[in-house]
Each structure stands twice: as structure tokens, then as C-alpha cells.
Amino acid sequence: MTLAAPDPENVSAMGAMAEPQPMHQPENSNEHSNENAHDNAHGSDLATGSVELPAVYIASDIESTLYAEWENAGVFRAHAEDAAEREPFVMVMPPPNVTAILHVGHGLNNTVQDVLIRWRRMSGDEALWVPGTDHAGIATQNVVEKMLVTEGKTRFDVGRAAFTGRVEKFVEETGGQILEQLKAIGASADWSRTAYTFSPQLSRAVREAFVRLHEDGLIYKGHRVIHWCPRCGTSLSDEEAEFHESSGKLYHIRYTLDENDVGNLATAPDDADGALPPGITVATTRPETMLGDTAVAVHPGDKRYQALIGKHLILPVNGLRIPVIADEYTDPEFGSGAVKITPAHDANDFEVGKRHNLPAPVVIDAEGIVREVEDANGRVPASLSGLDRFRAREQILEMLRADGSLLRTESHSHNVRHCYRCNTVVEPRLSDQWFVSMKPLAARALEAFRTGELRILPERWEAVYVNWLEGIRDWNISRQIWWGHRIPVWYCDECDSPPIVSREDVQACPSCGGGVHQDEDVLDTWFSSWLWPFSTLGWPDEDSPDLKAFYPGDVLVTAPEILFFWVSRMVMAGCWFMDKPPFHTVYLHGTVRDVQHRKMSKSLGNGIDPLDVVRLFGADALRWTMISGLGLGVDVMLDPDDLDTSFASGRNFCTKLWNISRFLLTRVGAENVLPLSTVSPDSFTAADAWILARLDAAIADCDTALGPPRPANGHAWTDEDRRRGLRLSEYAESARRFVWNELADWYLESSKPRLAQGGADGDVARAVLAHCFDAALRLLHPVVPFITETLWQRVPRATSNEDYNRSSTTVSTSPSAFSTASSSASSTASSTATESRTKKSFLATARWPSKQFESDSSIKRGAAAFELAQEVIQAIRHTRSEYNLKPGAPMDVLVASGSAGAAARNPENEALLATQFPTIEAMTRARLSMVGNTPTLLAAHHLLSNGNELIIPLAHLVDLDKERGRLSTEIESLAKAHASLESRLANEKFTARAPAELVEAERAKATEWGERLSGLKRKLESLSS
RNA sequence: GGGCGAAUAGCUCAGUUGGUUAGAGCGCCUGCUUUACACGCAGGAUGUCGGGGGUUCGAGUCCCUCUUCGCCCACCA
């Protein structure tokens, strides 16, 4: 029950996947799964198809075996050389963190991608889905640091080299499990290209990008206030410092005027009572930062403080003297209209400080400890030095209370930035960091959107994307952690030469030959992620065949949360380094939530483990449930406490497919059937015609819901196409409706007598049934790949369906072709030409269905006849139900010319209907006969849409009141609709202004309704007399 | 504070440029173990399309407004 070992080359490329992981989580139920595989009668045979289908479908008996078969056959692999002949269709998987384990969010994200890639693969594209993991700098470092804590150590105790070694080892041992888990849900990625953001290949891309941007003048080192996580010990980008609403306190503190400056200022401007000493009141939520205050700012136009500008105040607690300055930044309306300025600990204050040449003393260190860090002599009293920032806050408030400086405390709800990795309150901190100038990059990304090269679905995110890019700020890319790509900058130890930015490691100073040392910082993990769409294809090697064949890609599927972190930046990187956006479509799917609409999360304990669902109901049930509920941009609601109900629709649907197949195998036989193309159109029955027409409609609906797969002109979306496609729930519903409500409920039922009868007509029914189910399996395969593949291998199909198979899709089953797969950088080396081909074909590579009978008028006629039969059948069943008659009880049904009388008889209609009598009788167990005039009998009545009347004599059983009631109800609702239609047609403005076609159709409808209405009325009268 | 979205059957949602008597799944009610399927089959009920106003021959669909709920962004100390 374990998957084949991952390709050894992948392992090294990944630096992560060491051992083959069990298909299922190694928990208690794993043993059970293993037992199944060995003991159950239908283990691996199911996939190859040589035993009868068991009565009950057990997903776990087929899924892992089948997955291995696909993978060994190279079904998921894409080849650069084939992309010349086929259209390439490329997606890159959002790389999960290397330490991640699968949760339902990954499940949804990857299922969506898998549906798309399988659809395109079947449609004949050279479909490439690039998988991989992200080294996830801070997150992974945190995991290993926590492990060290259990040993009572910090990373500083073990040292940088030993620590990173430890992380590497950890990643090698347990990293990348999630990729194996993705196989359990059926993800058909090209695992031979599994990438890793910290692999040598991708690290080369990172250096290239850094150096190139530096050459372009877009990377610089800046000295400014950045977001700092004291727990993680690193700076963060704006996006990594998330706002969370928190209820804090706003403290009003009195800064008194320096005695020498009091002069003739009798009272303070903000103190009408004169109760306070002359000075200014400031308000702050972070009193601890006052130790680093270098000024108090007022608005230049604020009359209250005019006289104080240029004077000095005495800072409480440390008694330092600071100036009152005038700056536009101050909002006179807020608080007292005066704001304390702490240049080193607030980004805005830093800007104010620069304008006024203020010093920027640092009074809180990297760990959030208050002390005199830099330029801060005499600022931190000994009693405060060494305290944590929050302890120091309390202490300072005590001191302020004691000397009367704390005037007021009010509660204050505000947003505070927290570290997105550990949720610690972020500390603004003055430091040297590397930045990327984003405006030039953003300009190109905006251009790509405006020219239509890029679209985002759902549409509403486009405005968010544009808004963010237009207001973009420079990106802090340096991190003071150890796990990540070291910044490729070296400094000379001996001379003053400028820093050396280099693609290659630098050993000696190019100017003086002296020793050098590399920058200590590493790069933001997203600095490698944003290159993912091309670094995984061989960039910066511009001649890489993969890069040439597969860039740019097509669709990016992800959650809206990382639109800024990742998606926008990938577009910027793609436009900058590759001159083209990396994909033409961004598909942002919803979130999986619980019944209370809360996001599923580990901390809330409301999550669903996708592997639990796989074990219980199978991957297909999981996939079906998620996809069929996935409206565009809509969240998926599932109940973690009731998996049975949550996944019922998926499980039930799989069972239905299974049972249809069992029917086919017993009633149609396991032998192949006649190809449809060899069946003379004359031998199609009305039912055949109808189901073939429905198949065409289902194919059209699926195509519309899913596509178009790419812009029609190859590079930019038209306004018309921009909003189309990726309606996954509509696609799933269209396919489901066809196979269940149309094929199984109607066609299959109607064909039972024909199959039992055998003969030529039986063969036609077998051919049509097999053809339609074959097509249905194809349509469904992207959503429920395992069961459809299993069934497709076993159910009867046309003897020659080469015409229906994708050409040259037979794939190699020779393991040797794959065990030598090379790393992603040169994976194209294993050419298709060298692969041995076998006759085995998979549904996974079979051709996506296309419409065949669109313009066939005999099909249309037949379909109409069958629809009439359906009407009769439903009427008879309705009567049976209404009169509580056993389904099998004998029943006579008369078809009369209708209440309109003999004059209105339409022999053609009647003849058409008469051809359907056998079908109707078989499906209702009624005996039908045609009569001329409507006989007067105690009977149930139905007026058919073709004008004929259905009379079901029930003698003593008939309830005239019931009959009259039913007629009255129908008359009532029809009369209402008819009246509204008539008044619309009577309105000259409507007939004049509405499209002629519509008016025509409405007139025809009005006539039809009118006839039916009078028919119903006459009927009612006859029953009343 | 700014921007965006949503409100349709008990629940989750479709409803594509305004034009069938507004649909699906799940749930609910009734009947049925008919040799593919009770994880099923057949039949059935259920909506002043959030409130109000407007445009139009015609509005679930477009506009305004109100209410409720979400999401994104933002330096108000």
C-alpha cells in the first residue's frame, strides 16, 4: 500500500524526500489499509481489470495501486520537445512549506489544479504541472528552534553552521511529506520535476535575480525603521507584519516646558484652567518609546502651539530636553494635537526626524529589551535597563503616575502589527536592511494587467491587485535569520572598497586582495518564491529547453491570502526577468470553512484531515465534494464533526458510477461493443437519439464551464472571454446530471428490455450505452480520476476507439525510462523517443469528448419523440403515486385525440407517440392503447403537450375532486403566466422594441399556452358535469 | 478611515451582455427492497429573489438608498 519510491534524483533536488512515505498517514488505521491491499480479493487486479466488480466500492482498494500505475507509466510527465506539436499548458504548484503536512486547504488547492491539468492533458495539450516545496525561511527555522528548546538550547548556543546543518537534516528526514500526501488525493504533477526553493538550481536563480536587480539599480541598502519580530529576531516585510485588532490603552502624558523657556507663558495653551505646569500633553499607546523621544511635533498651522515652537520640553523619566517642532505630519484634530517623536521606533517619526535633523536613539534592542542600544547615552534609567518592553511600559507608567505626568488613560482600540509566523507584536526598529525598489517592477505588472495579458478570477480581486501595485512600497528583503539564501554581498575586511555584489562566491577583495566576509543576512523566503514560475524551468539558463517550451505558463491556482505575498510578485518578476507575465490567469479559490463559517485551523481544532476522508470514503469522494461545491470564489462549508454527511455527495456519486458499471458488465457484457460509427443512424431508437443529444449537450456544458483554456489570440484576453471559464461546480454538475439523471435514470432504464432481447437492436443499445458511459467517464475523470480510470479499464467500450483516443498517448510502462529521470534542470533529456511504448492506454490520457450529432436532424426528431415518452411516463407514475397504486399493479392507459375533438387530431403526433409505446410500457408496467375520441370514463386525465390526452381508467378508484383540484391548480398557474404573456404581447412598445426573434417566440408560446389552457378548461368542465 | 463583495427554498449555492411559469445538491414528506445501486428508485412540498424607491415594454439581473454580514487596504500618535 505504499507508493513507489520517489525518483532518487528528485530526492537530492528536493533535499527533502528521503524515504517513500506511506500512502496514508502513519497512524493506527494504516495497518488496516495494508491488510486490505493484501487480503482483499480485489486489490491490484481492479486497476488492470480482470475480475468482476465487487458489489461494494471500496476506494482504498484501488487508489494507491492505480496511482503508482499512472506514475510508473509516465502519464503525468511533460516533455519540452512535445510542446512544439501540442499546445503546452503549464501550471506551477504553489509550493507548500517543506515542513508542512497536508491540510484541507492544500487538498482543495491541489484538487482544483489537478482537475485543470487532467482536463487539459485529455484535451491534447502537453500538460505540465510543476510541483515542489518552499524552504520557508522563518517558518522552518522556527520549527527547528522549537526542537532546540526542548534540549534547552537556542540557535546561538549551537552556532550558525551547526544550526543550518541541523535544519537541513530535519528537512531531509521529514520534509516534503506533503508531496507524498498529495499523491493520495490524486495530484497528477510531474514529479520528475519536483523543485525546492533552496535547491542548488533555484539558489542560482535567486543570486541571479539579486545581482541583476542590483545592476538595474533596484536593490539598495537602506537605514530606516522596519518591522521587527523580537521573537524571531528578524525584520519583516510590510506583508509579513499583519494587522490585528487589539484593545489597548491611550496614555496622555504631560511633558513640561523647560524652565528656561517658560518666559512670559503664564498658562499652557492646552490647559485653560492653568492647573498644569506649562508644557504639552502628548498621547501614546507605547509609553516605553518615550525614552527615545527626540522632539514633540505640532502642526505648523495650529494656533494653540505657535508660541511653543522652538521651545524645549523636559522628558519625564529621563529628564532629557527635547524641542517642540512644527511638522505637517501632526493631525491637530487628534488628541491634544501634539505628538511625541521617536525616530528610531516609529516609521513615521523616523521620517519626521529626518526632516528636522533629529537624532534617532535606539532604546529597545533586537530581543525587545529596553536598554541604551545606540546613540542613547543617558536615556534609559538604570532601573529600567534590561527590562522587557512590556515590563518597562508598566514600570514607566508607575513612574509617570508617581510624578503626576500621567494625566489620563483611556481604552483605545487599534490595529497592531503582529509577526505572521509567531504572532508576536512587531516592534518598529531602526536598522540597515536590503530593499528592492518596487515601483518600476510594479509598473510592468500593471501594464500586463491593462493589456489583458493577465486576468484574475473572480474579477473583484483585480481591483485589489491594481490598488496594491499602484501604492506599492519598497520591499525589505533581508532577514536576520540563518535559514535561507545568504545575501550575495561581500565586504572587504581591509579596504574601503564598496560592497561586492556577485553571482559567484567571493574569496578576496578585487581592489586590495584582502580578506572578505559575506553579508550575514539571508533573503526573504518570498524572494525565491517569486521566481518559481521560471526558476523551476531552468532559469537563469536562457537556453533551457523547458524554459523555452513552457514559459510563460497558463493558470495559477491559489488562495487570495497570498495575492500580495506571492502572486503579484511573481507577475512582477516574470515581467522583469522574462518580459512576460508567468501566467494569463490567476484563479483565486475560496476557503474551506466549518459549519459556523470559521476558517479551518489547527488552533481552533475544527480542521478536517483530507487523509481521513481518503481513508473513509476515498480521494474521489473528497475531490467530488469539494469541486461540486466550488462556485467561483465561493467558500466551501464542511462539517468536521460529521464527515459522513459532509462527504455524502462524493461517496454517493462514486457508488452510483460503480453500480452503473456493474450493470454494464452484467447486462452489456465485458466484451467490447460495436463502435458507434458503424451503427446505421436508421437503427437508432428515439431513446438512442435522445441520449446522444444529451451527451452532446453535456459536453458543450462542460466545455463552457471549464474553458476557454487560454486567450484565443494567444496572448491577451478579449473582454468577452475575460470572465469565462473555471466554473468548476458547473462543470461537475453538468457531468453529474448527464451520467446520473439522464444516462442512468432514463436511458439505462429504457434500454433494459432491448438488452434482454438481444439481436441487432440489442447491439445498438449496447453500443450506445457503452459509448455514452465511456464519454461520461471521460468528462468526469478530472474530478474523480481513480474510480473513472478503474471503471474505464473494465467496462465494455467500442472495439475500435482509436478515433476517440488521443493520438500517441499510449505511454511507456517501462520503469527504466523513469528510474533514470534527471533532475528538473535537465529533465527533458529523457525524450519520448527513447521511451518504449506499449498498448496500454489510460483514461488519464484518453481524448476529451467532443460533440458528434449537433446538426443531425434525425437525432433531433428522435430526441423529441423520447421527450414525449418521458412526459407520458411521468404522468403515469404521477397517477400511480397519487392513487397509491403499486408500481407493478396492472394498469391500462388510453391515448386519446384530446378534448379538442377529432378535428384537432394530429396523426403525425400520434404516430410518433405510438412508436414509444413499448418503451413507455416497459418503464411504467402499463398497457397503452390508442383510442379515437375521448371516452367518458371514470379516469385520471393528463393533457399532453402535443395535444393528445392521456386517460387512465380507474373506475371506483378515481377521485373526481382530486382530479378537478389538480386541473384547477394547473389552470390557475398557467392562466396567470398566460395572462402576463398576453399583456406583454398586447403592449405595442414591447412588440416594437423587443427583438423580433423574442417577440416571435413569445407569440408562439402564447398560442401554445392558450391551447393548453382551453384544453384544460374543457377537461375540467367535463369532469364537473 | 478608504475600497470591494454578498444577501435567492430549511442549509450550501447556480442563475453569463435585462427577456421560459426562478433552478441544483443536501435536507424534508409519501410510496417502493423492481436481480446495477436503499450510498438507491419513483412521486411530492417549499421562494412577496434582504427592505424601500427608480429606470425600462419588461428587473433576481441595471441605478439610488437603507439594513445585515463578510473581505481587502490604511502611519491617526
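Worth saying up front: this structure is predicted, and the values here are computed from it rather than measured. Every chain is numbered from 1, with letters handed out A, B, ... down the list of sequences. No hydrogens, no waters, no symmetry mates; every other heavy atom, side chains included, goes into these values.
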Of the candidate nucleotides [options], which contains the atom at the shortest distance from the side chain of [X]?
X: V634(A); options: rU12(B), rG25(B), rA14(B); value: rA14(B)
X: F990(A); options: rA36(B), rC41(B), rG19(B); value: rG19(B)
X: R877(A); options: rC72(B), rG43(B), rC75(B); value: rG43(B)
X: E730(A); options: rA14(B), rC39(B), rA24(B); value: rA14(B)
X: K656(A); options: rC75(B), rA24(B), rC41(B); value: rC41(B)
X: Y329(A); options: rA77(B), rA14(B), rU21(B); value: rA77(B)
X: F243(A); options: rC75(B), rU21(B), rG43(B); value: rC75(B)
X: R473(A); options: rU21(B), rA77(B), rA74(B); value: rA74(B)
X: L250(A); options: rU35(B), rA77(B), rG44(B); value: rA77(B)
X: T285(A); options: rA77(B), rA36(B), rU34(B); value: rA77(B)

**Prompt:** Is a donor on one side and an acceptor on the other found under 3.5 Å between the side chain of D293(A) and the backbone of A295(A)?
**Reply:**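 Not confirmed, D293(A) side chain does not pair with A295(A) backbone.
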When all nucleic acid strands are considered with a 4.0 Å heavy-atom cut-off, which category describes [X]: base, sugar-phosphate, or nothing?
X: W461(A); answer: sugar-phosphate
X: A992(A); answer: nothing
X: D745(A); answer: sugar-phosphate
X: R724(A); answer: nothing
X: L974(A); answer: base
X: A347(A); answer: nothing
X: K599(A); answer: nothing
X: D331(A); answer: base
X: T655(A); answer: base

What is the base-pairing partner of [N], counting Watson-Crick and G-U wobble geometry with both distances under 3.5 Å?
N: rU17(B); value: none
N: rG47(B); value: none
N: rA22(B); value: none
N: rG5(B); value: rC69(B)
N: rG58(B); value: none
N: rA42(B); value: rU30(B)

Using a 6.0 Å cut-off, check whether atom CD of E470(A) has over 12 heavy atoms from anything other than its own residue. yes
query: Got a donor-acceptor pair under 3.5 Å from the side chain of E749(A) to the base of rA36(B)?
result: yes
**Asked** Of D635(A) and L664(A), whose closest RNA chain B nucleotide lies nearer the 5' terminus?
**Response**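 The residue whose closest nucleotide sits nearer the 5' end is D635(A).
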Judged by nearest nucleotide, the residue sitting upstream toward the 5' end of RNA chain B, N659(A) or T645(A), is T645(A)
Rounding to an integer number of angstrom, what distance separates [N] and [M] when you compare their [atom1] atoms?
N: rU17(B); M: rC62(B); atom1: C1'; result: 12 Å
N: rG25(B); M: rC39(B); atom1: C1'; result: 15 Å
N: rU48(B); M: rU30(B); atom1: C1'; result: 29 Å
N: rC13(B); M: rG60(B); atom1: C1'; result: 14 Å
N: rC75(B); M: rG18(B); atom1: C1'; result: 46 Å
N: rC73(B); M: rC64(B); atom1: P; result: 26 Å
N: rU61(B); M: rG44(B); atom1: P; result: 30 Å
N: rC63(B); M: rU55(B); atom1: P; result: 15 Å

Euclidean distance, atom [atom1] of residue [X] to atom [atom2] of [N] [Å, nearest integer]:
X: R984(A); N: rG19(B); atom1: CZ; atom2: C1'; value: 7 Å
X: R598(A); N: rC71(B); atom1: CZ; atom2: C1'; value: 19 Å
X: R925(A); N: rA42(B); atom1: CZ; atom2: C1'; value: 12 Å
X: E245(A); N: rG70(B); atom1: CD; atom2: C1'; value: 15 Å
X: E351(A); N: rC75(B); atom1: CD; atom2: C1'; value: 11 Å
X: H412(A); N: rC75(B); atom1: NE2; atom2: C1'; value: 12 Å
X: R286(A); N: rA77(B); atom1: CZ; atom2: P; value: 11 Å
X: L563(A); N: rG3(B); atom1: CG; atom2: P; value: 20 Å

Can you see whether N987(A) engages R984(A) through a side-chain donor-acceptor pair at a distance of less than 3.5 angstrom?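 Short answer, no.
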Would you say [X] and [Y] make side-chain contact, with heavy atoms under 4.5 Å?
X: V352(A); Y: V339(A); result: no
X: W468(A); Y: V464(A); result: no
X: I322(A); Y: K340(A); result: no

Below 4.0 Å: OP1/OP2 of [N] and any side-chain N or O of [X]:
X: H414(A); N: rC76(B); value: no
X: H597(A); N: rC69(B); value: no
X: W740(A); N: rC41(B); value: yes
X: K1005(A); N: rG19(B); value: no
X: R417(A); N: rC75(B); value: yes
X: N652(A); N: rG40(B); value: yes

Notebook entry, point to check: Hey, mind stepping through H356(A) and D327(A) against side-chain hydrogen bond (donor to acceptor under 3.5 Å, both in side chains) and telling me if it holds?
Noted result: CA-CA 9 Å; H356(A) 296 268; D327(A) 195 281; 2.7 Å; yes
Relative to the ring of Y420(A), is the ring of F565(A) parallel (under 30°), tilted (30 to 60°) or perpendicular (over 60°)? parallel
Exercise for review: Before giving the answer on side chain to side chain contact (heavy atoms under 4.5 Å, CB included), spell out for L974(A) and L1016(A) the whole-Å C-alpha distance, their side-chain angles and the decisive distance to 0.1 Å.
Suggested key: CA-CA 10 Å; L974(A) 186 59; L1016(A) 289 168; 4.0 Å; yes
query: Centres of the F564(A) and Y465(A) rings: under 6.0 Å?
result: no
